[in-house]
Each structure stands twice: as C-alpha cells, then as structure tokens.
Amino acid sequence: LFEKGYGVVSDNVAAYALYELSRRGNALSDGKVRTSCSRLEGRMSNNDLGAARKLAGEMDLSEGMLAVLDTYLGQKKRMA
C-alpha cells in the first residue's frame, strides 16, 4: 500500500515499518516480506531506515499501532 502508493501517498518509511512489523509478528515470515524489506533497503538512506525501524518499534509497543502510524504521517505532511 505505502510502498507503491495505492490510495495513499507513497512512503518508504511507513512501508518498511509495516513490513518490519509483519516480520516481527511472524517467526516464519514468508519470503515476500523479506524480499520487500530488501527491496526497500536498497532505496532508502540510513536515516530513513533508522526512522522506519523506530516507527516499527513504536507501533509494536503501542496499543494503537495505527494511531502511531497516523501521527507519523500527519507530522510528515505538516513538514512538507
């Protein structure tokens, strides 16, 4: 969704964070998730990767992970 911009503005940080959450939540994570993460890693700066991992961690610890994602996206929109 966020990687390709389907119905939303494309955002590699959000996409990577969601893939990372999927990988964390599934010890037997399938090859598609690993491939998607690797593909994004090749396009992202170290700062963006760090931001994506931080976002994934915040979402993982939150009771309302979508609220955390929404806050991130809102902050990014205000900075644009």
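Just so you know, residue 1 is the first one in the sequence shown, and it goes up from there.
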task: List for me each residue that meets side-chain contact (heavy atoms from CB on, under 4.5 Å) alongside Val8, sequence neighbours excluded, and say none if there are none.
output: Leu1, Phe2
message: Using the rule that Ile, Leu, Val, Met, Phe, Trp and Tyr join whenever any side-chain heavy atoms are under 4.5 Å apart, tell me whether Leu61 and Leu18 fall into a single cluster.
response: no
- prompt: Between Ala17 and Ala56, which heavy-atom pair has the shortest distance, and what is it?
  reply: O-CB, 3.7 Å
message: Run the salt bridge (charged side-chain N to carboxylate O under 4.0 Å, His left out) test against Arg78 and tell me which residues pass, sequence neighbours left out.
response: none
task: To the nearest 0.5 angstrom, please state how far the CG atom of Leu66 sits from the OG1 atom of Thr71.
output: 10.5 Å
field: Residues which pass side-chain contact (heavy atoms from CB on, under 4.5 Å) with Met65, listed by chain and number, not counting sequence neighbours
entry: Leu21, Met59
message: Please list all pairs meeting salt bridge (Lys or Arg N to Asp or Glu O under 4.0 Å) that have one or both residues in residues 68-77, counting only residues at least two apart or in different chains.
response: Asp11-Lys76
- request: Compare every heavy atom of Ala14 with every heavy atom of Leu55, then report the nearest pair and how far apart it is.
  value: CD2-CA, 4.3 Å
field: Between CG on residue Leu49 and CD on residue Glu20, distance to nearest 0.5 Å
entry: 10.0 Å
- request: Could I get the full list of salt bridge (charged side-chain N to carboxylate O under 4.0 Å, His left out) partners for Asp60, not counting sequence neighbours?
  value: Arg24
- line: Here the pair of heavy atoms bringing Cys37 nearest to Tyr16 is O-CE1, 3.7 Å
Minimal non-hydrogen separation, Arg23 against Val33, with atom names: CB-CG1, 3.9 Å
query: For residues 35-46, which residue pairs qualify under salt bridge (Lys or Arg N to Asp or Glu O under 4.0 Å), counting only residues two or more places apart or in two chains?
result: Glu3-Arg39, Glu3-Arg43, Glu41-Arg53
